[in-house]
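Just so you know, these numbers use all the heavy atoms, side chains as well, and skip hydrogens, waters and symmetry mates. Since the structure is predicted, the reported quantities are computational estimates derived from the model, not experimental observations. Counting begins at 1 with the first residue of the sequence.
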Amino acid sequence: MNEQIFSADTTEEKLLQSIDMPDDGILCELSEFFRVFGDSTRIRILYALSKSEMCVCDLSKVLGVSQSAISHQLQVLRSSRLVKYRREGKTVFYALDDEHIFSIINMGIEHLEE
C-alpha cells in the first residue's frame with residue numbers, strides 16, 4: 001500500500017515539475033492587463049479604434065460618451081500600452097497599439113458566440 005502512495009506522490013511531483021509556470025511577476029502583469037478589459041467603455045473604445053484611428057471628439061460622438069470620460073479611459077488604455085497616439089497640429093489621434101489588441105477582442109467575441 002505504501003508503494004501506491006509513493007507512486008501517486010511521484011506522479012504528482014512529476015506533473016508539478018512538468019508544468020512550466022511563468023514567473024509570478026509575469027502572471028501578475030497579465031492579470032492587470034486583462035483587468036483593463038473589464039470596463040465596457042474601454043472595450044467599446046478599443047473596438048472603435050480597431051476600425052479607424054480617431055480623436056477624442058470623434059470617439060465621444062461614436063460612443064455617445066462625454067469627452068472627459070473618453071479622455072480618462074484613453075489615459076488608462078495608454079498607460080496599459082493598448083492604444084497609441086499621434087499629434088497632428090492641435091488634434092491628437094488615437095489608434096490601437098498593435099494588431100494583437102484587436103485579436104484579443106476578436107477572440108473574446110468568438111468565444112462568447114460559441
Side-chain angles (χ1 to χ4, degrees):
M1 186 161 198
N2 281 344
E3 286 182 32
Q4 289 176 341
I5 293 172
F6 179 74
S7 177
D9 288 343
T10 304
T11 303
E12 186 177 323
E13 285 177 19
K14 286 181 182 177
L15 176 64
L16 291 174
Q17 290 172 354
S18 71
I19 298 173
D20 189 20
M21 290 291 289
D23 186 49
D24 282 347
I26 295 293
L27 293 175
C28 186
E29 286 181 42
L30 184 62
S31 174
E32 286 299 310
F33 174 77
F34 279 111
R35 182 190 61 78
V36 175
F37 288 90
D39 181 272
S40 62
T41 300
R42 288 193 290 261
I43 292 290
R44 293 172 65 212
I45 290 170
L46 291 170
Y47 193 84
L49 292 177
S50 74
K51 302 302 178 189
S52 175
E53 76 173 5
M54 295 185 203
C55 64
V56 171
C57 88
D58 290 341
L59 283 165
S60 176
K61 289 175 190 170
V62 167
L63 301 179
V65 177
S66 72
Q67 288 187 22
S68 64
I70 295 290
S71 292
H72 173 74
Q73 297 303 340
L74 284 168
Q75 183 179 15
V76 172
L77 293 169
R78 279 182 52 205
S79 68
S80 298
R81 297 185 352 228
L82 297 178
V83 299
K84 60 185 176 184
Y85 71 96
R86 71 175 179 84
R87 192 175 295 277
E88 192 173 291
K90 292 182 180 182
T91 307
V92 178
F93 290 94
Y94 293 88
L96 295 183
D97 192 62
D98 62 44
E99 63 196 39
H100 295 108
I101 307 309
F102 182 67
S103 295
I104 292 166
I105 292 170
N106 221 19
M107 284 191 291
I109 291 170
E110 287 174 10
H111 176 74
L112 294 172
E113 291 176 342
E114 287 181 350

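Between the NE2 atom in His100 and the CD1 atom in Ile105 there is a gap of 13.5 Å [rounded to 0.5 Å]. Distance check, rounded to the nearest 0.5 Å: NZ of Lys84 to CG of Asp98 gives 7.5 Å. Once rounded to the nearest 0.5 Å, the distance linking CG of Leu46 with CG of Leu96 reads 6.0 Å. Taking CG from Asp24 and OG from Ser31, the interatomic distance works out to 11.5 Å, rounded to the nearest 0.5 Å. Annotation: the span from Ser80 atom OG to Glu32 atom CD amounts to 8.0 Å, rounded to 0.5 Å. Between Cys55 atom SG and Arg86 atom CZ the span is 10.5 Å, to the nearest 0.5 Å.
At most 12 non-hydrogen atoms from other residues, nucleotides or ligands lie less than 6.0 angstrom from CD of Glu99. The number of heavy-atom neighbours closer than 6.0 Å to OH of Tyr85, taken from other residues, nucleotides and ligands shown, is 12 or below.
Put simply, Ile109 and Phe33 are part of the same group of oily side chains (I, L, V, M, F, W, Y) that touch within less than 4.5 Å, one to the next. Side-chain heavy atoms closer than 4.5 Å link hydrophobic residues (I, L, V, M, F, W, Y) into clusters, and following such links, possibly through other members, connects Tyr94 to Ile104. Using a 4.5 Å cut-off between side-chain heavy atoms of Ile, Leu, Val, Met, Phe, Trp and Tyr, with links allowed through other members, Ile19 and Ile26 fall into different hydrophobic clusters.
Between the side chain of Ser79 and the main chain of Val76, a donor-acceptor pair closer than 3.5 Å is present. At distances below 3.5 Å, not a single donor-acceptor pair connects side-chain atoms of Ser60 with backbone N or O atoms of Val56. Between the Arg87 side chain and the Phe93 main chain, no donor and acceptor come within less than 3.5 Å of each other. Remark: side-chain polar atoms of Ser71 are not paired, donor with acceptor, to backbone N or O of Ser68 under 3.5 angstrom. Side-chain atoms of Ser50 do not come within 3.5 Å of backbone N or O of Phe102 as any donor-acceptor pair.
The side chain to side chain contact (heavy atoms under 4.5 Å, CB included) test with Ile45 singles out one residue from Ile70, Asp39, Leu82, and that residue is Ile70.
Nearest heavy atoms, Ala48 versus Leu59: CB-CD2, 3.9 Å. Smallest separation of non-hydrogen atoms from Asp97 and Arg81: CB-O, 3.3 Å. Closest of all the heavy-atom pairs between Leu49 and Met54 is CD2-N, 3.8 Å.
Ring geometry, Phe34 versus Phe37: the interplanar angle falls from 30° to 60°, so the pair is classed tilted.
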Please evaluate residues Val62 and Arg44 with respect to the criterion side-chain contact (heavy atoms from CB on, under 4.5 Å), reporting the C-alpha separation (whole Å), side-chain torsions for both, the decisive distance (0.1 Å), and the verdict.
CA-CA 10 Å; Val62 167; Arg44 293 172 65 212; over 6 Å; no
Does the pair Leu27 and Met21 meet the rule for a side-chain contact (heavy atoms from CB on, under 4.5 Å), with working shown?
CA-CA 9 Å; Leu27 293 175; Met21 290 291 289; 3.8 Å; yes
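For Arg42, the side chain to side chain donor-acceptor pair (under 3.5 Å) test picks out Gln73, with sequence neighbours left out.
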